[in-house]
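Scroll down for the structure; my scribbles are underneath it.
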Amino acid sequence: MGMTFNLPSEQLTEFDPEPERSKRASLLVLHNACQTLWESGEGKRTKDLSAIDGVEIFMGLTRQILLGCEHLVLQGRVWNFRWRQDAAVAPLGGLVATILTLKGVPLRPEEIAALLAPWRLQMQDVLEETIASFLTSRLGSLCFSTEDGRFGLIEWLPQVEGLSIDDAVSREFWQREDFANWLLSLVNPSDNPTELAKAILDSAEMPLSHRELLFVLWAKRVGQLELVPTFSQLLNADGLQVLSLGYWVTEKGKDAMTKLLLRQSEELRQQAEQRARFVETRRLQQLLSAVEEPTTDLGWEVSDEIASWLETQPYPVHLTRIAEQVLEVLPTDPDYEKSIRSLFALLVRDDRFVELGGQCWWLSDKTPAEVMEVPEPLLPPPPPPVPEDLTGQVDLVLPLEAIDDDLKRFIEDSNYEEVGEEVKVPEDLKPPKRLDIPVTYPHLQVGTLKIRRIDVPFFPSEPQLQFLRVIDDEQNELGLWVNLSLRLCFGLSEWYQRRKVEVGGIVRLERMKSGLVKLIWTNRYDRWIHIPRSRLEELKQYAAHETIRQAPLITLVQSLLTQHPKGVHFLRLWSELNVLRRTTKIALASILCAYPMFARVPNLEGFWTLDFTKFTEGIRPEKLAYLKKSQVGANGEW
């Protein structure tokens, strides 16, 4: 032939493949989208096209890639092949060429006809005959044929006949010669085209087009390569995969592309989240209240779609998340704020939806019943009736004015407020940035946290039932329900167990600049109400005895004090009592100050002990007077 072939395999090249790899990573997304559209036969939402072999890709990146593909079109919120829009009237030749381009592999006329028939509105057998005639007439100009009767596009084959390698590089890779030389430098020549193709693709770590790969194989074989038979051989080779739009890739290349996609996905996701946080914290309320009656261009069919989607969610969902998942509106979109306003207006006017604080929305009939009432273990027992016989040792509850001042301060301490208790709270409380709340045993049992009166300003005043999105100090996301009417926070059972929180553990809620609330296990314990795990197990075994379950409260107090011979603080005694039986501080304080057998420990403020010398003495006379007064009042009512 008189041609000379100078392979640049030994040359050093300064070509940097990383930008090209980053660009070609999008081919995996396009391939996945095309495969999904072929298989479904109908349009698909962006979220349905945002997974690559089970790996989730940020929807914003998926949409960005799909928008850049001329063969795909976004109809409303649904993606489809552009050719399907005009299939009924478009020229057949263009449709056939487009389908071959998208499939990326040679096809038989009957395969093309099967894909076209539903959209072309023609009988498949008639269409098949027409397509076969068209392709046969275009052999050599538009298409080529394989030995098994398939047709491929001529543009998949490099046009290198009669050219030297240098001239072929100039023709095939005009203004990309450095890329071609880099490809040619990757591996040594081989007599086996399939093994050589795998080696090239593995070394490139990116998809290569049919034309690019066949060119390299041709050049490595010093021009001695039959293109169409080699192409057919590669199609049947193990370890090589054809992507949509006519590209080859190996598993190694696919892994490299997936990693690049994930990196791109995370970068774009972070940008979107940063924008969303800005809108949430600084603009959202202003944005949503800018007009008295915001208009919406969203119809009721969107409402139905939102309702159906919320049915599948485990927790209430933030407005911006509904926009992303249902409307596929992302913070990086130019009309993001307008879309958010339209969505808000739609939710407000539909009674099926309810806002649960912080722009978290839910279905009004889906609120869990358990967050609407106080769990039974938290309910204090009713005060015992005043017995007719006041000469013995009985359970009693004194009026607050009858409680000694040093005990009254514990009852009224706002830091230790419990369900069913009244405490003194300053009227001018300012919203705190964080709450430190100690957890008593009943709350550990049922997975709740007491929202004390001093804590209420931390939360928005409305609505009374709120859903709180929190991130804990291990970056786990949790959903908590806050019922301000009950002043309880629900949903912490698993978290308490996972973090091994003991009785008296201090849990922190802290509002971040982002608007989210952080849930923090401080690893600190309240000095008075902490019960170590070993002591808790003793108390639980003690509480399991039938005699303890039936015993009056005064007997339990006596029993616990005997276990603390040096005395015990009032709040620690109350905390331990709550393991045996739910007890209010006023009930405990009433018993301590009513009977002489319970004595204060000298020089230890708040500590109590048992004075065995007065074990048989009855109710103190001054307390007895309050009880007799109560008896008279009760008798008068009858």
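The basis for the numbers below is simple: all heavy atoms, side chains too, and nothing from hydrogens, waters or symmetry mates. Numbers here are sequence positions counted from 1.
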**Message:** To check you understand the geometry: which heavy-atom pair defines the closest contact between Tyr247 and Ser209, and what is its length?
**Reply:** CD2-N, 3.3 Å

**Prompt:** Under a 4.0 Å N-O cut-off, is there an ion pair linking Arg24 with Glu212?
**Reply:** yes

**Candidate pair Arg352 and Asp304, rule salt bridge (Lys or Arg N to Asp or Glu O under 4.0 Å), full reasoning** = CA-CA 10 Å; Arg352 287 177 293 178; Asp304 294 340; 3.0 Å; yes

**Request:** Measure the acute angle between the ring planes of Phe231 and His210, then classify it against the limits of 30° and 60° as parallel, tilted or perpendicular.
**Result:** tilted

**Prompt:** Between Arg499 and Asp472, is the closest basic N to carboxylate O distance under 4.0 Å?
**Reply:** yes

**Asked** Are any side-chain N or O atoms of Asn32 and backbone N or O atoms of Ser50, one a donor and one an acceptor, separated by less than 3.5 Å?
**Response** no

**Prompt:** What's the spacing between Leu184 CG and Phe179 CZ if we round to 0.5 Å?
**Reply:** 10.0 Å

**Prompt:** Do Arg211 and Glu172 meet the salt-bridge criterion of a basic N to acidic O distance under 4.0 Å?
**Reply:** yes

**Request:** Could you grab the distance from atom CG of Asp255 to atom CG of Leu260, nearest 0.5 Å is fine?
**Result:** 11.5 Å

**Asked** Can you name the nearest heavy-atom pair linking Phe215 to Ala168, along with the distance?
**Response** CE1-CB, 3.5 Å

**Request:** Using a strict 4.0 Å threshold on nitrogen-to-oxygen distance, state whether Glu266 and Arg263 make a salt bridge.
**Result:** no

**Message:** Less than 4.0 angstrom from a charged side-chain N to a carboxylate O is my criterion; do Lys103 and Glu111 meet it?
**Reply:** no

For residues 234-243, run the donor-acceptor check on the side chains, cut-off 3.5 Å, and write out each pair with its distance to 0.1 Å, sequence neighbours left out.
residue, atom, partner, partner atom, Å
Asn236, ND2, Ser232, O, 3.2
Gln241, OE1, Lys254, NZ, 3.2

**Prompt:** What is the distance from atom NZ of Lys44 to atom OG1 of Thr36, rounded to the nearest 0.5 Å?
**Reply:** 7.5 Å

**Message:** How close do Ser244 and Gln35 get, counting heavy atoms only, and between which atoms?
**Reply:** OG-OE1, 3.9 Å

**Message:** Looking at Lys259, I'd like to know if its NZ atom is crowded, meaning that more than 12 non-hydrogen atoms belonging to other residues, nucleotides or ligands lie closer than 6.0 Å.
**Reply:** no

**Item:** Validation row: Lys366, Leu310 side chains within 4.5 angstrom (heavy atoms)
**Value:** no

**Item:** Flag if over 12 foreign heavy atoms under 6.0 Å of CD, Glu147
**Value:** no

**Message:** Please check this pair: side chain of Glu355 against backbone of Gln359, looking for a donor-acceptor N/O pair closer than 3.5 Å.
**Reply:** yes

**Complete:** Looking only at heavy atoms, the pair that brings Tyr496 and Val507 closest together is CE2-CG2, 4.1 Å

**Asked** CD of Glu226: more than 12 outside heavy atoms within 6.0 angstrom?
**Response** no

**Asked** For Glu129, does the CD atom have more than 12 heavy-atom neighbours from other residues, nucleotides or ligands under 6.0 Å away?
**Response** no

**Item:** Partner of Phe467 under ring pair (Phe, Tyr, Trp, His ring centres under 6.0 Å), chosen from Phe490, Tyr315, Trp361
**Value:** Tyr315

**Item:** Nearest-0.5 Å distance that lies between atom CG in Leu107 and atom CD1 in Ile99
**Value:** 8.5 Å

**Smallest separation among heavy atoms of Leu183 and Ala204, with atom names** = CD2-CB, 4.4 Å

**Request:** Side-chain contact test, heavy atoms from C-beta onward, threshold under 4.5 Å: evaluate it for Trp218 versus Leu213 and give yes or no.
**Result:** no

**Message:** Under a 4.0 Å threshold between the charged nitrogen and the carboxylate oxygen, would Glu20 count as salt-bridged to Arg176?
**Reply:** no

**Message:** Measuring only between side-chain heavy atoms, which start at C-beta, is Met257 closer than 4.5 Å to Pro207?
**Reply:** yes

**Message:** How long is the straight-line distance from CG of Asn476 back to CG of Leu478, given to the nearest 0.5 Å?
**Reply:** 6.5 Å

**Fill in**
On a heavy-atom basis, the closest approach of Arg120 and Ala87 is NH1-O, 2.9 Å

**Asked** Just wondering, more than 12 heavy atoms not from Glu311 lying within 6.0 Å of its CD?
**Response** yes

**Asked** So, Trp119 versus Phe81, ring centres under 6.0 angstrom or not?
**Response** no

**Request:** Applying side chain to side chain donor-acceptor pair (under 3.5 Å), run through Glu195 and Ser190 and close with a yes or a no.
**Result:** CA-CA 8 Å; Glu195 293 304 319; Ser190 168; over 6 Å; no

**Complete:** Rounded to the nearest 0.5 angstrom, the CH2-CG distance for Trp79 and Asp48 is 13.0 Å

**Prompt:** For Glu510, what residues pass the side chain to side chain donor-acceptor pair (under 3.5 Å) criterion, not counting sequence neighbours?
**Reply:** none

**Asked** Hey, are Asp333 and Arg63 close enough for a salt bridge, meaning a charged N less than 4.0 Å from a carboxylate O?
**Response** yes

**Prompt:** Is it true that the side chains of Gln233 and Thr194 contain a donor and an acceptor less than 3.5 Å apart?
**Reply:** yes

